[in-house]
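From a predicted model like this one, the values you see are computed outputs, not experimental measurements. Position 1 is the first residue of the sequence; numbering continues from there.
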Amino acid sequence: MSEAPGRVDVAPAVRDDLDAIEQLESLAFEAPWKREFFESELATEGRYATVAREAHDIVVGYLFAMYFDDEMHINKIAVDEARRRKGIALALMAKCFEFAASRDIRVISLEVRQSNLAAQRFYERLEFNSLYIRPRYYPDGESAVVMVRELDRPPPGQL
């Protein structure tokens, strides 16, 4: 495990984390994933799943991604609302970058709500670039901004 800002440990997600992940998911997203999706992610090859835990093993954030060959796609990232802006998402992303580098992954992509300017700025600080808008991507009809980061250079200095 690696120590992260805000006194959290970032480590692989395990089945025992699913209750906490499911709870965070339902609070963080208007159209949350079902528990079965997370279970499947933990059991499927080519998936990357990590959590951030505070003292006493309390899950305060998670990141789920899939990868194939030299590409990775971040499907989910969430941090407990009361613990946002304390470096937890940055720690999750740093661990994701480390994993990607260890697998010779060259490109990481993700979607973010077009209205979520704070998230877009966060990813821009991590050197993600907005490529295009995916219309009506979310169940409520909102469009997504597709963002991509090429990993042919080291992660930003703040990681």
Side-chain angles (χ1 to χ4, degrees), residues 1-13 17 20-21 23-33 37-38 41 46-54 59-159:
M1 284 190 269
S2 68
E3 189 69 22
R7 295 182 317 275
V8 296
D9 290 321
V10 177
D17 297 324
I21 289 169
Q23 183 177 12
L24 280 174
E25 174 78 2
S26 68
L27 296 171
F29 296 101
E30 293 176 27
W33 273 12
F37 294 167
F38 290 108
E41 291 294 300
R47 299 301 194 265
Y48 172 78
T50 191
V51 293
R53 291 187 188 93
E54 279 187 340
V59 174
V60 296
Y62 59 84
L63 185 151
F64 280 76
M66 55 188 249
Y67 60 95
F68 178 77
D69 196 27
D70 65 348
E71 296 182 27
M72 176 179 254
H73 183 78
I74 297 173
N75 293 319
K76 288 285 182 173
I77 181 171
V79 173
D80 176 66
E81 188 172 8
R83 293 166 174 92
R84 291 181 186 161
R85 297 187 182 2
K86 296 181 191 235
I88 296 170
L90 187 62
L92 288 164
M93 291 298 294
K95 198 68 159 172
C96 181
F97 286 152
E98 286 176 22
F99 175 85
S102 76
R103 297 287 193 286
D104 294 324
I105 291 169
R106 307 290 294 180
V107 176
I108 299 178
S109 63
L110 55 86
E111 292 91 11
V112 62
R113 282 184 176 271
Q114 192 170 16
S115 64
N116 192 343
L117 300 179
Q120 291 173 49
R121 284 192 301 273
F122 171 74
Y123 295 120
E124 287 168 356
R125 285 193 306 273
L126 296 176
E127 297 182 0
F128 280 81
N129 296 304
S130 299
L131 280 191
Y132 58 91
I133 304 296
R134 185 167 281 152
R136 299 171 303 285
Y137 178 76
Y138 293 99
D140 64 3
E142 184 172 354
S143 297
V145 178
V146 176
M147 301 184 80
V148 174
R149 183 179 195 282
E150 295 185 28
L151 296 179
D152 56 355
R153 58 193 185 284
Q158 68 267 31
L159 295 180

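The pair E124-R121 does not count as a salt bridge, with every side-chain nitrogen at least 4.0 angstrom from each carboxylate oxygen.
Counting all heavy atoms, side chain and backbone alike, A78 lies closest to L92 at O-CD1, 4.3 Å. Across all non-hydrogen atoms, the minimal contact from A89 to V79 is N-CG2, 3.8 Å. In terms of heavy-atom proximity, M72 sits nearest to C96 at SD-SG, 3.5 Å. Counting all heavy atoms, side chain and backbone alike, V145 lies closest to I133 at CG2-CD1, 3.6 Å. For the residue pair E25 and W33, the shortest heavy atom distance occurs at OE2-N, 2.7 Å. Between I105 and I108 the shortest heavy-atom distance is CG2-CG1, 4.4 Å.
Residues F37 and F64 place their aromatic rings such that the two centres sit no closer than 6.0 Å.
A donor-acceptor pair under 3.5 Å links the side-chain atoms of R149 to the main chain of L126, judged by distance alone. The backbone N or O of S143 sits nowhere less than 3.5 Å from a side-chain atom of E111 that would complete a donor-acceptor pair. Between the side chain of T50 and the main chain of A13, no donor-acceptor pair closer than 3.5 Å is present. Without hydrogens or angle criteria, E142 side chain to Q114 main chain gives a donor-acceptor distance under 3.5 Å.
D17 places none of its side-chain heavy atoms less than 4.5 Å from the side chain of Y62. The side-chain heavy atoms of N129 and V148, taken from C-beta on, include no pair separated by under 4.5 Å. Side-chain contact between E30 and D140: present, with at least one pair of heavy atoms (C-beta onward) separated by less than 4.5 Å. The shortest side-chain heavy-atom distance between L90 and R125 does not fall under the 4.5 Å cut-off.
The CG atom of D9 sits 10.0 Å away from the CD atom of E54 when rounded to the nearest 0.5 Å. Here N75 contributes atom CG and S109 contributes atom OG; the two are 9.0 Å apart, rounded to the nearest 0.5 Å. Between the CE atom in M147 and the CZ atom in F122 there is a gap of 10.5 Å [rounded to 0.5 Å]. Annotation: the span from H73 atom NE2 to R47 atom CZ amounts to 10.5 Å, rounded to 0.5 Å. One finds the CD1 atom of I74 at 6.0 Å from the OH atom of Y123 (value rounded to the nearest 0.5 Å). The distance from atom CD1 of I88 to atom CG of D80, rounded to the nearest 0.5 Å, is 7.5 Å.
Judged by a 6.0 Å distance limit and a 45° cone about the ring axis, K76 is positioned over the six-membered ring of F29. With a 6.0 Å cutoff to the six-membered ring centre and a 45° limit on the axis angle, R113 counts as a cation-pi contact of Y138.
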